[in-house]
Amino acid sequence: MLLSNSNFQRLPQAALSRSRFLRLGAGALLPYAGLRLSAAAAPNPELAQNNGASGTKDPVASGRMGAILVSRVGPVKIHSYLSPLDGFHVNTQMIEGPTAVVIFDGQLLLPYADEVASYVQTLGKPVERIILSHAHTDHWSGLQVLSERFPDARVFALDGIADQLRARGQARLDSFRPIYGDRIATKVTVPTETITEGVQRIDGITYDFKRFVDAEADLQLAALLPEQKVLMAFDLVFSPNEHAFTVVDHFDHWMIVLEQLKVLQGYDTITIGHDTPVNRSAIDSTIVYVKRAKEIHAASADAKTYSESLKAAFPDRQQAGWVDFSARLLYAARR
Ligand SMILES: [Zn+2]
C-alpha cells in the first residue's frame with residue numbers, strides 16, 4: 001500500500017483561492033481531482049496519473065456547510081471533514097477500513113458535528129470508536145452529537161484527557177456560549193476509554209499512537225498509519241497558510257516535539273487539526289512560527305502587543321482572529 005499510488009490530490013498551485021475552495025467544499029464531496037491542498041502539499045509525481053481515481057459522488061452533499069476531502073490509500077479511505085471558518089476550520093478525520101469507521105475528533109459546533117454524523121452514515125459501516133486527540137474545545141464540543149448519533153461507539157482519549165475535561169470542560173463551553181449560543185455543546189462528553197501508546201490494529205488497519213505533552217496543548221495524541229505513511233498530527237502541526245494557536249506558554253517544548261516529528265521518515269502526508277493536509281515542510285514552517293511567537297511573547301508585556309506583533313511577523317498567514325484568541329488565553333494564564 002504505497003502512498004504514492006493514491007494520496008490526497010491537489011490542483012495546480014493557486015488553482016483555487018481559499019474562498020473559492022470553501023465555496024466549492026460547501027456543497028460537494030471533493031474527489032481527488034477537486035482537492036486543493038495547502039501550499040506545502042507534497043509534490044507527488046504519481047498524482048497526475050491519478051486524476052479522478054475517486055469520483056464517487058456524495059449523495060448528501062447538497063447544502064453541506066463543511067468540506068470533505070477523501071483519500072484512498074490501499075484498502076483504507078481517509079475522509080476529512082473541514083468545518084467552515086466559524087468552526088475554526090477544524091477537522092474531523094474518518095478512517096474507513098474494510099468493515100468499520102474510526103472517527104478522530106468531534107468539531108466545535110454542533111451543526112458541523114451533525115454533518116459529520118450524516119456523512120459517516122452514508123459510508124454504510126458502523127463506527128468502531130471515536131478518538132479525541134486533545135482537550136481543546138474545538139475538537140470535542142461536538143462529541144455530544146456524535147455520541148448521540150452513534151451510541152455504540154466508545155469514546156477514547158489518552159490517559160489524562162478525561163480528567164482535563166471533567167475539570168475544565170464545562171467552563172470552556174460556558175465561555176463559548178455567548179458567541180455561539182445553542183451551536184455549542186450543552187454538556188461535556190468525557191471519554192470513557194483510554195487509548196494506549198504504541199502499535200495496535202483496528203479493523204485490520206495498523207495505527208501507531210503517540211503521546212506528546214506541552215506543545216500546542218498540554219497533552220496531545222498523534223497517530224501514525226505506518227502502512228499508509230500518513231501522519232495524523234492534529235494540532236502539533238499547522239498549515240503554512242494559517243496562523244497557529246498559541247494558547248499556552250509551551251513554545252520551547254513544542255519545538256522539541258516538532259523536531260521529534262521530523263525524525264519520522266517517509267511520512268510525507270500529514271493531516272492536521274485545522275486546514276487541509278500538508279507535507280513535511282509544514283513541520284519546518286510550524287517551527288519557524290513557534291520560534292517567532294516565543295520571541296514575541298518574551299518581548300510583549302500584554303496580549304495586544306503580542307497579537308499585533310505576531311500578525312505583523314506573518315502577514316501572509318490567514319485567520320488573524322486566531323492570534324487575538326490565542327493572545328487572550330496566553331496572557332490570561334499569566335495573571
Ligand atoms: Zn485545534
Side-chain angles (χ1 to χ4, degrees), residues 38 66-67 69 80-94 103-110 112-113 116 130-144 146 155 157-158 160-161 164-165 168-169 171-173 175-176 179-180 183-185 188-189 191 210-223 231-251 253-254 257-258 261 270-278 282-283 285-286 289-290 293 310 317-330 333:
S38 301
L69 319 183
S80 303
Y81 175 95
L82 178 65
S83 89
L85 186 52
D86 63 350
F88 287 7
H89 276 174
V90 73
N91 281 300
T92 293
Q93 310 292 353
M94 296 156 269
I103 299 177
F104 286 86
D105 286 353
Q107 293 291 314
L108 172 66
L109 299 179
L110 303 185
Y112 304 149
V116 168
I130 299 167
I131 299 173
L132 174 62
S133 70
H134 65 294
H136 286 168
T137 317
D138 48 331
H139 297 258
W140 62 259
S141 161
L143 290 181
Q144 178 174 337
L146 295 183
V155 180
L158 289 170
I161 296 287
Q164 291 184 355
L165 292 187
R168 300 196 286 270
R172 294 278 188 267
L173 292 179
S175 73
F176 278 102
I179 307 164
Y180 292 113
R183 297 201 296 157
I184 205 82
V188 181
T189 305
K210 294 187 179 296
R211 171 193 183 96
F212 293 99
V213 299
D214 294 349
E216 192 260 359
D218 296 337
L219 184 53
Q220 171 74 61
L221 178 77
L231 164 59
M232 303 172 73
F234 302 99
D235 284 12
L236 295 176
V237 176
F238 278 76
S239 163
N241 299 324
E242 297 189 339
H243 284 282
F245 290 103
T246 53
V247 299
V248 280
D249 182 3
H250 294 323
F251 301 105
H253 197 259
W254 189 356
V257 168
L258 288 164
L261 294 184
I270 305 176
T271 68
I272 51 180
H274 303 261
D275 205 3
T276 45
V278 293
I283 300 175
S285 58
T286 304
Y289 187 93
V290 173
L310 190 52
R317 290 199 180 223
Q318 299 181 43
Q319 320 318 343
W322 296 0
V323 183
D324 299 327
F325 175 86
S326 297
R328 271 199 302 278
L329 291 174
L330 183 61

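The analysis underlying the following values was restricted to heavy atoms, covering all of them including side chains, and did not include hydrogens, waters or symmetry mates. Keep in mind that what you see is a predicted model, and the values were worked out from it rather than measured. We count ligands from 1, going down the list as the structure has it; atoms in each ligand are counted the same way.
- Between the NE2 atom of His139 and the OD2 atom of Asp235, the angle centred on the Zn ion (ligand 1) amounts to 100° when rounded to 10°.
- Relative ring orientation between His274 and Phe88 is described as tilted, the plane-to-plane angle lying within the 30° to 60° band.
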Given ring-ring contact (aromatic ring centres under 6.0 Å, His included), test Phe238 with His243 step by step and report yes or no.
CA-CA 7 Å; Phe238 278 76; His243 284 282; over 10 Å; no

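- For the Zn ion (ligand 1), the nearest N, O or S atom contributed by Asp138 is named OD2.
- Using a 30° and 60° split on the angle between ring planes, Phe245 and Trp322 fall in the parallel class, below 30°.
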ring-ring contact (aromatic ring centres under 6.0 Å, His included) between His134 and Trp140: does it pass, once the steps are laid out?
CA-CA 8 Å; His134 65 294; Trp140 62 259; over 10 Å; no

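- Nearest N/O/S atom of His274 with respect to the Zn ion (ligand 1) is recorded as NE2.
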